[in-house]
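Contents: one structure, followed by commentary.
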Protein chains: 2
Amino acid sequence: MKTSVSPDTFPPRGHEAKRVSIVEAAASVFCREGFAGANIDLISAEAGVSRQTVYNHHGDKERLFIAVVRDLTERCNAGIFATIATFPDQPVDLEADLIGFAVRLNRNCICSRDGKFLRKLIQAEGERYPELFAEWLEQGPGRTLPAIAARFARLAHGGHLAIDDPDVAARQFLGLVNAELQTTFMLGGTPREEDVLRSATNGVRTFLRAFGARRNVAVGERHPVLAEA
Amino acid sequence: MKTSVSPDTFPPRGHEAKRVSIVEAAASVFCREGFAGANIDLISAEAGVSRQTVYNHHGDKERLFIAVVRDLTERCNAGIFATIATFPDQPVDLEADLIGFAVRLNRNCICSRDGKFLRKLIQAEGERYPELFAEWLEQGPGRTLPAIAARFARLAHGGHLAIDDPDVAARQFLGLVNAELQTTFMLGGTPREEDVLRSATNGVRTFLRAFGARRNVAVGERHPVLAEA
DNA sequence: GACGATTTAGACAAGGCTGTCTAAATTTGT
DNA sequence: ACAAATTTAGACAGCCTTGTCTAAATCGTC
């Protein structure tokens with residue numbers, strides 16, 4: 001018997017494939033019905049697996065739930081960091097580049113299936129599992145927000161933006177580019193691509209009105225323009 | 001027997017008092033446990049009432065849930081409109097006045113007990129009751145957002161702000177002043193008063209950097225709004 | 001104090017769910 | 001093709017929950 005955490009075969013087959021499909025089905029059902037409303041029979045049916053197999057893999061409902069949250073957190077984090085890697089450090093057209101970044105962030109991380117599921121589970125069950133979601137807070141926002149802030153700090157340092165507090169600016173950036181999607185998110189919906197683009201465009205424009213390095217530079221300020229390595 | 005929707009006596013006594021305490025207890029339990037996890041025995045105990053009384057008043061669990069959402073929507077709307085009435089139409093110190101407005105909005109409407117309950121119920125059960133929450137969308141954001149936008153439009157018309165699209169500006173204002181409270185909201189927590197103030201202050205400052213009717217503000221300069229009155 | 005309306009405690013049936021168990025069937029590695 | 005590991009279907013006990021019912025107690029009002 002192989003322990004098989006391994007990427008020997010992709011997509012995974014047999015035993016491991018079942019584990020994956022169980023966690024995926026469970027994510028969907030927990031998200032749709034909540035922890036209490038979720039039903040193991042429904043999860044196993046949706047996973048195409050017998051109920052006993054669910055118990056064989058995960059022990060009980062609560063441990064399955066925890067596995068689901070950990071899995072979603074991990075995958076969402078990976079998506080966010082991959083997207084942060086596309087942040088425009090040497091912007092050509094700052095407005096267009098930031099809009100692109102905001103749209104990618106939305107599409108790949110916030111509106112994605114995993115993102116939606118994780119968001120809903122945190123909102124619905126966060127208070128019941130304080131340790132679990134403290135872990136999420138630490139691994140998620142606790143690492144991604146500073147990473148985004150660091151990118152804005154670098155843009156500011158390069159003279160492309162006039163930012164005092166990069167951490168606040170990062171949070172405000174996210175608040176702005178999602179400003180028009182709030183009610184859709186509240187209701188658990190997925191905004192249309194065109195709405196994501198509009199919200200990002202309006203948000204970035206406002207962000208740049210507030211933080212864009214202006215032509216008439218104040219006293220002691222480094223001259224912004226394009227020159228850097 | 002009195003039909004008694006009336007404000008004959010306040011606080012209500014007898015029959016009506018029980019109806020109120022049932023709905024309040026139900027709001028608390030539904031919010032904490034979700035619809036499926038909520039337990040009528042627990043609700044009746046928390047309301048200080050027998051289980052049969054709950055059924056006498058509301059029929060069944062689902063109708064009780066709907067009554068709770070309607071009640072919360074109504075009370076939250078009342079709170080928001082009361083707060084909108086304090087919007088600074090003739091600002092003395094625009095920054096301070098907008099910060100005050102944002103803080104009141106948070107304290108009275110968003111962080112209030114009712115606000116928190118309603119938010120959580122919408123997030124958790126919104127997809128299961130589309131008509132009910134379409135109603136909420138219409139009565140809530142559908143009326144409050146335009147009301148706030150109208151106030152910003154008036155400030156713009158009076159030359160206090162430079163706003164193109166008041167509707168977008170209103171949504172961005174809300175996104176900005178809540179930018180630093182997002183994760184706390186996600187987890188169902190109530191932010192500390194000092195965090196509300198800090199987020200509002202930073203948010204309003206950024207908002208005014210973007211939309212303040214400016215006298216040539218340059219990068220490092222402090223905002224002009226302060227010196228008035 | 002008396003009357004009708006309301007509330008209460010408790011029992012109850014019907015149904016759903018979790019988690020366990022078994023024995024048979026199937027898959028996997030060699 | 002064989003043997004071990006895994007999966008399956010189904011039955012099952014135990015528990016919890018909803019919603020109903022009843023008879024007694026309490027409340028509110030005249």
Side-chain angles (χ1 to χ4, degrees), chain A residues 1-26 28-68 125 128-129, chain B residues 1-26 28-68 125 128-129:
Chain A
M1 172 193 169
K2 242 187 334 182
T3 319
S4 166
V5 191
S6 69
D8 281 4
T9 55
F10 265 110
R13 301 197 53 95
H15 191 66
E16 200 54 27
K18 303 227 181 252
R19 169 168 252 114
V20 171
S21 77
I22 290 169
V23 171
E24 263 167 25
S28 167
V29 174
F30 278 136
C31 170
R32 207 165 59 240
E33 316 282 347
F35 179 81
N39 169 312
I40 305 281
D41 288 308
L42 187 56
I43 291 173
S44 51
E46 201 154 307
V49 142
S50 77
R51 179 177 54 239
Q52 186 58 50
T53 300
V54 175
Y55 284 103
N56 287 344
H57 277 272
H58 294 98
D60 66 13
K61 195 179 178 182
E62 182 162 327
R63 275 190 283 168
L64 174 57
F65 178 76
I66 291 172
V68 166
E125 316 289 347
R128 198 194 315 283
Y129 296 89
Chain B
M1 172 192 170
K2 248 188 329 185
T3 320
S4 164
V5 190
S6 68
D8 281 3
T9 55
F10 266 111
R13 302 198 52 94
H15 191 67
E16 200 54 25
K18 303 226 181 251
R19 170 169 251 113
V20 170
S21 76
I22 290 169
V23 171
E24 265 169 21
S28 166
V29 174
F30 277 134
C31 169
R32 207 165 59 241
E33 316 282 347
F35 180 80
N39 168 312
I40 305 280
D41 288 309
L42 187 56
I43 292 174
S44 50
E46 201 153 306
V49 142
S50 77
R51 177 176 57 237
Q52 186 57 53
T53 300
V54 174
Y55 284 103
N56 287 344
H57 276 272
H58 294 98
D60 67 12
K61 196 180 178 182
E62 182 161 328
R63 274 190 285 168
L64 174 58
F65 178 76
I66 292 172
V68 165
E125 316 289 346
R128 198 194 315 282
Y129 296 89

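Every chain is numbered from 1 and lettered A, B, ... according to where its sequence line falls, protein lines coming before strand lines.
Two residues, B/Y55 and B/Q52, neighbour DNA chain D, and the one matched to the more 5' nucleotide by heavy-atom proximity is B/Y55.
Comparing atom distances between the B/N56 side chain and each of D/dT18, D/dT7, C/dT7 picks out C/dT7 as nearest. Of the candidates D/dG19, C/dT20, C/dT8, the closest approach to any side-chain atom of B/D60 belongs to D/dG19. Set against C/dG19, D/dT8, D/dT18, the side chain of B/K61 has D/dT18 as its closest nucleotide. Of the candidates C/dT8, C/dT20, C/dC12, the closest approach to any side-chain atom of B/R51 belongs to C/dC12.
Within 4.0 Å (heavy atoms only), A/H58 reaches no atom of the nucleic acid at all.
Residue B/T53 has no polar side-chain atom (N or O) positioned under 4.0 Å from OP1 or OP2 of C/dT6. Of the side-chain N and O atoms in A/K18, one or more sit less than 4.0 angstrom from OP1 or OP2 of D/dT8.
Rotation axes derived from the C1' atoms of the five outermost pairs at either end of the helix from C/dG1-D/dC30 to C/dT30-D/dA1 lie 50° apart, to the nearest 10°.
Here C/dT6 presents its P atom at 13 Å from CD1 of B/I22, a figure rounded to the nearest Å. We find that NE2 of A/H15 is positioned 12 Å from P of C/dG29, with the value rounded to whole Å. Atom CD in A/E16 sits about 10 Å away from atom P in D/dT7, given to the nearest Å.
Using a 4.0 Å cut-off between a side-chain N of Lys or Arg and a carboxylate O of Asp or Glu, A/R128 and A/E62 do not qualify as a salt bridge.
Smallest separation of non-hydrogen atoms from A/Y55 and A/I40: OH-CG1, 3.7 Å.
For the segment residues 33-46 of chain A, no residue has any heavy atom less than 4.0 angstrom from an atom of DNA chain D.
Checking side-chain atoms of B/E33 against main-chain N and O of B/N39 turns up no donor-acceptor pair under 3.5 Å.
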